[in-house]
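Please read the structure below before turning to the comments.
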Protein chains: 2
Amino acid sequence: MAGALRKTSKTGAANAITADLVAVLVAVTDGEPKIMTIANDGALPSGPFEFTHRSLQMGLRAWVEAQTGHPLGYVEQLYTFADRGRAGDTKSPHSISISYLGLTREDKVGQGFEAHWSGWYEYFPWEDRRAGLPASLAKTLASRLRAWAKSAATTALQRERWQRATITFGLDERDWNEELVLQRYELLYEAGLIPEAVRDGADATAVIPGRQMIGDHRRILATGIARLRAKIKYRPVVFELMPAEFTLLQLQRSVEALAGRLVHKQNFRRLIEQQQLVEETGAIAADTVGRPAKLFRFRHAVLAERAIAGTKLPLSRT
Amino acid sequence: MAGALRKTSKTGAANAITADLVAVLVAVTDGEPKIMTIANDGALPSGPFEFTHRSLQMGLRAWVEAQTGHPLGYVEQLYTFADRGRAGDTKSPHSISISYLGLTREDKVGQGFEAHWSGWYEYFPWEDRRAGLPASLAKTLASRLRAWAKSAATTALQRERWQRATITFGLDERDWNEELVLQRYELLYEAGLIPEAVRDGADATAVIPGRQMIGDHRRILATGIARLRAKIKYRPVVFELMPAEFTLLQLQRSVEALAGRLVHKQNFRRLIEQQQLVEETGAIAADTVGRPAKLFRFRHAVLAERAIAGTKLPLSRT
DNA sequence: TGGCTTATACTTATCCTGAGCATAATCGAT
DNA sequence: ATCGATTATGCTCAGGATAAGTATAAGCCA
């Protein structure tokens, strides 16, 4: 009966909690993905959901604008989790975090704000494979992972750990799947290879390069990157990050920056053009090296035409 | 500074709210998708997140078990939204709903519980296209939508509305996209064609068939269906809904039931087999009509092998 | 002018997909 | 025993999409 339901639903004030709104705000400048950070680049913009907010999104917009001076455009929800400092202190969480992904163009951050644009690969150096595995990681990463796998109690567990490592990090001839950002972070966390985990109780053996953040923020960022990498493959969201006019190479560089891997140039153009995602502006890019490129703009009509349909980018995992 | 951040984050009790946990619990029986309902089939299992819960998921599990006697297996988060009765009363929401999708096999619901399995198409008759558009809707739906489009103020608006309708409902030669469950529901809501909208203030002109639910529950259900329809295409989640052993036709029927559309039999088998998702048990299905079919079981190894990789089902939109 | 760089057009081989044909195995009615 | 209905299973074929490469065009600069 609805009566019974109502009753159970109204435990009310006794179970009151607070909800934090957290934003992963992304831009791409000069072929580098940036995220908005505050607190000396150690935190994502965030703040509590308050009674004055008319909705979750509006609360988020209010906080981001207050902290960064930057108004939010495209926004989508990422994930909600109970925050408690991740390692298990046994008490129950009294606060939850609701995270969002926002896309914009980089702008001057208003004065008087402590917000900055930081390169997102500063937080996840291992996610940038455009030039292969970064030198700072080439030697350490795989061997640390193998050591972690070896340290398991049983051989079955060892094998299982190593299999997870090879899959998520594309080791042993497996190929790299750029979407597994969160899985990689979680695995490194489990392996005690990142500072947040050490802080949460593991022993501080050896840590992998990469800037840390407060609380769960780096994990939220990983979630945002993963979502964006997945989404650019089937929705025309890259254009939220592009200037009004751009060359096909600039577009390609942005996609590559987000995906952390390179794509075949000719095929990229074919795909973009055959889908009629863009149209020529008639203008030609100025001050460039090499043969000048045509400028294009996003055909906003596609948003109406297909509503939710599809975009394809040559980023499947071969 | 982290200090400043901390301060803003600790507005504390003044902004305390309650969080409800809501479950879309799905099973497939005899080729029909079912959802667990309570309150006389008018609500999804749900309850407030309480201090005794160690995490959001555990809170959800506790509520579902208490209300339905059914333990939860596979669970994933769906969406979080501020609940306020959807139409805008101007007050701020003091409660949020965190929704989850759960997959199981239908089981006898324990006695003494008011929970039932209901067919999900009772709530969304227009989503079942396995036998074409249901007769109860064939005439009304398109014409009602057209009327709604026509009722817009300007011709530009009219065109825009009709375009949305044709895209989401696959009218005018466009093809049906089974994933747009939520968009269709939202559009019908906007058009005042479902009871929840009427209750929320629109005028009760003509309403489309389909059982209603309390609050936002039908919208949450739409979100769950959409997610599941999307997910079966690239993750082996269908098997969570299958018995231990099954024939390929049973598997196909389950997929078709979820997707609400039919698939090409031979191609379906080709895809399943070439991906090595299943293995023969050696047994043969008993008491069937026609040539007896081999029984298969899910190869649980694939979960380890690919972790997050891929499954393909012949459900792309041509 | 030649060399460097980027843009853009085409080609080719392979794989995937949708659709259909053909045959096999079972049951029940005649 | 045979026919018809029903489901299972194997195979083919055409078209499209994809990955990868070759070739040519159009600028700049020394």
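In what follows, every chain begins at residue 1, and chains take the letters A, B, ... in the order their sequences are listed. Predicted, not measured: the structure shown is a model, and the values here were computed from it.
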Just the rounded figure in Å: distance from [atom2] of [N] to [atom1] of [X].
X: A/Leu271; N: D/dA19; atom1: CG; atom2: C1'; value: 11 Å
X: A/Leu262; N: C/dT6; atom1: CG; atom2: P; value: 14 Å
X: A/Gln275; N: D/dA17; atom1: CD; atom2: P; value: 10 Å
X: A/Gln274; N: C/dC10; atom1: CD; atom2: C1'; value: 15 Å
X: A/Arg261; N: D/dA19; atom1: CZ; atom2: P; value: 11 Å
X: A/His264; N: C/dC10; atom1: NE2; atom2: C1'; value: 11 Å
X: A/Ile284; N: C/dT8; atom1: CD1; atom2: C1'; value: 12 Å

List for me each residue that meets salt bridge (charged side-chain N to carboxylate O under 4.0 Å, His left out) alongside A/Arg297, sequence neighbours excluded, and say none if there are none.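 In terms of salt bridge (charged side-chain N to carboxylate O under 4.0 Å, His left out), with neighbours along the sequence ignored, A/Arg297 is linked to A/Glu279.
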
Under the rule for salt bridge (charged side-chain N to carboxylate O under 4.0 Å, His left out), what residues qualify as partners of B/Lys294, not counting sequence neighbours?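 B/Glu280.
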
Net bend of the helix from C/dT1-D/dA30 to C/dT30-D/dA1, end axes of five pairs each, nearest 10 degrees: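 Overall, the helix from C/dT1-D/dA30 to C/dT30-D/dA1 bends by 10° from one end axis to the other.
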
Looking at residues at least two apart in the chain, or sitting in another chain, which of them share a side chain to side chain contact (heavy atoms under 4.5 Å, CB included) with B/Ala226?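 B/Ala226 satisfies side chain to side chain contact (heavy atoms under 4.5 Å, CB included) with B/Val181 once adjacent residues are dropped.
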
Return all side-chain donor-acceptor pairs below 3.5 angstrom for residues 130-139 of chain B, not counting sequence neighbours, or 'none' if the list is empty.
{"unit_1": "B/Arg130", "atom_1": "NE", "unit_2": "B/Asp128", "atom_2": "OD1", "d": "2.9"}
{"unit_1": "B/Arg130", "atom_1": "NH1", "unit_2": "B/Gly31", "atom_2": "O", "d": "3.0"}
{"unit_1": "B/Arg130", "atom_1": "NH2", "unit_2": "B/Glu32", "atom_2": "OE1", "d": "3.3"}
{"unit_1": "B/Arg130", "atom_1": "NH2", "unit_2": "B/Glu32", "atom_2": "OE2", "d": "2.8"}
{"unit_1": "B/Arg130", "atom_1": "NH2", "unit_2": "B/Asp128", "atom_2": "OD2", "d": "3.0"}

Taking salt bridge (Lys or Arg N to Asp or Glu O under 4.0 Å) as the cut-off, I'd like each qualifying pair that reaches into residues 160-172 of chain B, sequence neighbours left out, listed once.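 Of all non-adjacent pairs touching residues 160-172 of chain B, those that pass salt bridge (Lys or Arg N to Asp or Glu O under 4.0 Å) are B/Arg164-B/Glu190.
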
Any residue meeting side-chain hydrogen bond (donor to acceptor under 3.5 Å, both in side chains) with B/Glu245, in chain and number order, not counting sequence neighbours: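 Residues passing side-chain hydrogen bond (donor to acceptor under 3.5 Å, both in side chains) with B/Glu245: none at all.
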
Collect all protein-nucleotide pairs involving nucleotides 7-12 of chain D in which both atoms are nitrogen or oxygen and the distance is under 3.5 Å.
{"unit_1": "D/dT7", "atom_1": "O2", "unit_2": "B/Arg291", "atom_2": "N", "d": "3.3"}
{"unit_1": "D/dA8", "atom_1": "OP2", "unit_2": "B/Lys265", "atom_2": "NZ", "d": "2.8"}
{"unit_1": "D/dA8", "atom_1": "N3", "unit_2": "B/Arg291", "atom_2": "NH1", "d": "3.4"}
{"unit_1": "D/dT9", "atom_1": "OP1", "unit_2": "B/Lys294", "atom_2": "N", "d": "3.4"}
{"unit_1": "D/dT9", "atom_1": "OP2", "unit_2": "B/Arg269", "atom_2": "NH2", "d": "2.4"}
{"unit_1": "D/dG10", "atom_1": "O6", "unit_2": "B/Gln266", "atom_2": "NE2", "d": "3.3"}

Would you please test A/Gln183 and A/Tyr185 for side chain to side chain donor-acceptor pair (under 3.5 Å) and show each step? CA-CA 5 Å; A/Gln183 286 85 345; A/Tyr185 179 76; over 6 Å; no

Would you please name every residue forming a ring pair (Phe, Tyr, Trp, His ring centres under 6.0 Å) with A/Phe298, sequence neighbours left out?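 Result, ring pair (Phe, Tyr, Trp, His ring centres under 6.0 Å) vs A/Phe298: A/Phe239, A/His300.
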
